[in-house]
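Taking it in order: structure first as structure tokens, then the write-up.
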Amino acid sequence: LCYLVLGDWVERNKRISGLEFTQKYADSIGWKVTGGASVQREIHDSELRKSFGKNGKWEHLILLRK
């Protein structure tokens, strides 16, 4: 059992969802995403706001099991 707290990030001017990334790659290292919760975070920096786009920045609590 593992609880992971992970926020979205910007890579090459594109927003990467921490939740989607974890769902995509967890199986490759022997984990399964079995639950989670997300909350949107306010972005104060105008350049970061542009980079994150209309969906904004989210933080995720992700439940993983072996």
TODO: Could you walk me through whether Lys32 and Asp27 pass the side-chain contact (heavy atoms from CB on, under 4.5 Å) test, one step at a time?
DONE: CA-CA 6 Å; Lys32 298 242 183 262; Asp27 285 345; 3.3 Å; yes
TODO: Could you tell me whether the side chain of Gln40 and the main chain of Asn55 form a donor-acceptor pair under 3.5 Å?
DONE: yes
Open item on the list: Using every non-hydrogen atom in the two residues, find where Trp9 and Phe21 come nearest and quote the distance to one decimal.
Closed with: CH2-CG, 3.7 Å
Open item on the list: To check you understand the geometry: which heavy-atom pair defines the closest contact between His44 and Arg49, and what is its length?
Closed with: O-NH2, 3.1 Å
Open item on the list: side-chain contact (heavy atoms from CB on, under 4.5 Å), that's the test. Do Ile62 and Leu19 meet it? Break it down for me.
Closed with: CA-CA 7 Å; Ile62 304 166; Leu19 179 58; 3.9 Å; yes
Open item on the list: Do Leu1 and Val5 land in one hydrophobic cluster if side-chain heavy atoms of ILVMFWY residues count as linked below 4.5 Å?
Closed with: yes
Task: Euclidean distance, Lys50 NZ relative to Asp45 CG, rounded to 0.5 Å - done: 9.5 Å
Open item on the list: Quick one, Glu20 and Thr22 - any side-chain contact, counting heavy atoms below 4.5 Å?
Closed with: no
Open item on the list: Testing the basics here: between Leu64 and Ala26, what is the closest heavy-atom pair and its distance to 0.1 Å?
Closed with: CD2-CB, 4.1 Å
Open item on the list: Would you compute the distance between atom OG1 of Thr34 and atom NZ of Lys66 and round it to the nearest 0.5 angstrom?
Closed with: 13.0 Å
Task: Distance in Å, Ser17 OG paired with Lys57 NZ, rounded so as to fall on 0.5 Å steps - done: 11.0 Å
Task: His60 NE2 to Gln23 CD distance, which is reported to the nearest 0.5 Å - done: 9.0 Å
TODO: Evaluate the salt bridge (charged side-chain N to carboxylate O under 4.0 Å, His left out) criterion for residues Lys14 and Glu11: first the C-alpha distance (whole Å), next the side-chain angles of each, then the deciding distance (0.1 Å), finally the verdict.
DONE: CA-CA 5 Å; Lys14 181 181 175 194; Glu11 189 172 304; over 6 Å; no
TODO: Check whether any side-chain N or O of Arg15 sits under 3.5 Å from a backbone N or O of Gly56 as a donor-acceptor pair, and report yes or no.
DONE: yes
Open item on the list: Membership question, hydrophobic clusters at under 4.5 Å side-chain separation (ILVMFWY): are Leu4 and Ile29 in the same one?
Closed with: yes
Open item on the list: Please report the interatomic distance CD1(Ile16) to CZ(Phe52), rounded to the nearest 0.5 Å.
Closed with: 10.0 Å
Task: Distance (rounded to the nearest 0.5 Å) between Trp31 CH2 and Leu63 CG - done: 9.5 Å
Open item on the list: Using only atom types and a distance under 3.5 Å, with no angle test, would you say the side chain of Asn13 pairs donor to acceptor with the backbone of Ser51?
Closed with: no
